Amino acid sequence: MGHASSRRLLEAMLDRNPHSDVRGNALFTLARMRKEQADYGRNKQATAEAEKLFERVIREFGKEKLRGFTLAELARPELAELRRLTIGKPAPEISGEDLNGHPLKLSSYRGRVVVLLFWSATCSMSRELEDFHKLLKQMRGKPFAFLGVHADDNPELARAVAEQYDMTWPSFNDARNGPIATAWNNHSWPNLYVLDRKGIIRERG
């Protein structure tokens with residue numbers, strides 16, 4: 001749907017198609033496209049438009065379905081991400097346990113710049129890991145923290161991979177559809193956030 005004419009096609013489907021499910025799916029796709037153009041909140045106009053489009057999906061077509069889910073179920077996490085997880089917003093609290101069952105809390109790192117990495121033991125990160133280790137070495141002794149969120153199943157594999165690749169930083173133990181991944185609307189790995197010393201999201205990617 002990245003072609004330049006996609007928006008016009010979807011808008012025409014929304015305006016003229018007689019079937020509610022087609023119109024709803026066209027609107028949802030339009031909202032997703034505008035969210036991508038919002039660039040994590042950098043494009044303020046696109047961000048505001050995407051919010052309005054998702055709100056309309058929920059209001060007018062929430063009961064229509066896509067891939068077995070209602071459009072309301074699919075649109076709400078996208079809308080929440082736009083409102084809570086864009087650049088300039090305070091990062092939501094994360095409270096849980098690390099891969100070894102020890103308590104771990106994001107807000108306890110307030111006062112440091114934090115790199116938050118969503119990762120999966122089943123996803124190769126060999127190139128990224130080299131950069132992460134360089135970053136840790138570069139920031140040694142500074143008010144900085146590197147934290148992970150293992151947002152996938154199989155914590156045993158996660159512990160083995162962390163040991164194999166010398167991932168010495170703490171990682172929250174979550175799951176693919178776990179509470180952290182759900183709250184942060186995370187569906188891909190690796191996925192990075194940079195938080196400033198006050199816990200404000202300053203970079204995503």
Side-chain angles (χ1 to χ4, degrees), residues 2 32 35-43 47 77-78 80-205:
R32 290 285 302 270
K35 177 174 175 270
E36 184 175 342
Q37 293 161 356
D39 192 21
Y40 304 124
R42 293 185 185 92
N43 185 331
T47 301
E78 303 290 335
E81 182 182 347
L82 285 165
R83 290 173 172 170
R84 299 171 58 243
L85 291 164
T86 48
I87 291 171
K89 301 282 187 180
E93 175 67 291
I94 302 177
S95 183
E97 295 182 346
D98 67 14
L99 295 175
N100 296 307
H102 301 133
L104 190 60
K105 199 170 185 179
L106 177 60
S107 59
S108 65
Y109 291 86
R110 197 65 50 83
R112 307 186 218 180
V113 172
V114 175
V115 170
L116 186 66
L117 167 70
F118 284 80
W119 66 285
S120 166
T122 60
C123 177
S124 174
M125 296 190 300
S126 55
R127 182 179 300 176
E128 290 89 349
L129 283 168
E130 185 177 343
D131 290 333
F132 298 156
H133 285 296
K134 287 179 181 177
L135 177 63
L136 285 166
K137 185 176 180 179
Q138 177 185 347
M139 299 299 289
R140 188 174 296 155
K142 297 179 181 180
F144 171 81
F146 197 104
L147 297 175
V149 178
H150 185 249
D152 204 351
D153 305 318
N154 199 336
E156 294 83 6
L157 179 60
R159 286 192 290 269
V161 169
E163 183 176 356
Q164 178 183 356
Y165 291 100
D166 195 27
M167 297 169 65
T168 56
W169 52 86
S171 280
F172 289 93
N173 181 28
D174 198 37
R176 189 168 292 227
N177 296 307
I180 303 173
T182 299
W184 288 66
N185 199 32
N186 189 80
H187 304 287
S188 62
W189 316 276
N191 195 5
L192 282 168
Y193 287 79
V194 178
L195 316 180
D196 69 15
R197 296 186 188 189
K198 296 181 179 180
I200 306 298
I201 298 170
R202 294 302 179 190
E203 187 60 77
R204 285 189 56 180

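Just so you know, residue 1 is the first one in the sequence shown, and it goes up from there. Owing to the predicted nature of the structure, the values given are computational and were not obtained by experimental measurement.
Shown here are the side chain to side chain contact (heavy atoms under 4.5 Å, CB included) partners of Gln164, two or more places apart in sequence or in another chain: there are none. By the side chain to side chain contact (heavy atoms under 4.5 Å, CB included) test, Pro92 is found to be paired with Arg84, Leu85, Trp184, residues two or more places apart in sequence or in another chain being considered.
For the pair Gly205 and Asn191, the tightest heavy-atom approach, listed with the atom from each and the gap, is O-OD1, 3.1 Å. Taking all atoms of both residues into account, the shortest heavy-atom contact from Tyr109 to Pro170 is OH-CG, 3.7 Å. For the residue pair Arg202 and Gly88, the shortest heavy atom distance occurs at NH1-CA, 4.3 Å. Listed here is the closest heavy atom pair of Asp98 and Asn173: O-CB, 3.6 Å.
From Arg112, atom CZ reaches atom CZ of Arg197 across 11.0 Å, with rounding to the nearest 0.5 Å. Rounding to the nearest 0.5 angstrom, the gap separating the CD1 atom in Ile87 from the CZ atom in Arg42 is 3.5 Å. To the nearest 0.5 Å, the span separating CG on Asn177 from CG on Asn186 amounts to 10.5 Å. To the nearest 0.5 Å, atoms CG (Leu195) and CZ (Arg110) are separated by 8.5 Å. The distance from atom CG of Leu99 to atom CG of Leu104, rounded to the nearest 0.5 Å, is 9.5 Å. Distance NE2/His102 to CD/Glu97: 9.0 Å, rounded to 0.5 Å.
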Test salt bridge (charged side-chain N to carboxylate O under 4.0 Å, His left out) on Arg32 and Glu36 and set out the steps.
CA-CA 6 Å; Arg32 290 285 302 270; Glu36 184 175 342; over 6 Å; no
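For the pair Trp119/Leu129, no side-chain contact is recorded, criterion being any heavy-atom separation below 4.5 Å from C-beta on.
At least one donor-acceptor pair closer than 3.5 Å links the side chain of Glu93 to the backbone N or O of Ser107. Of the possible polar contacts, one joining the Asp174 side chain to the Ile180 backbone as a donor-acceptor pair under 3.5 Å is found.
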Side chains of residues 142-154: which donor-acceptor pairs under 3.5 Å do they make with residues two or more places apart or in other chains?
residue	atom	partner	partner atom	Å
His150	ND1	Asp152	O	3.4
His150	NE2	Ala121	N	3.0
Asp152	OD1	Arg176	NE	3.1
Asp152	OD1	Arg176	NH2	3.2
Asp152	OD2	Ser120	OG	2.5
Asp152	OD2	Thr122	OG1	3.3
Asp152	OD2	Arg176	NH2	3.1
Asn154	OD1	Glu156	N	3.4
Asn154	OD1	Leu157	N	2.9

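For Arg159, the CZ atom sits in a packed shell: over 12 heavy atoms of surrounding residues, nucleotides or ligands are nearer than 6.0 Å.
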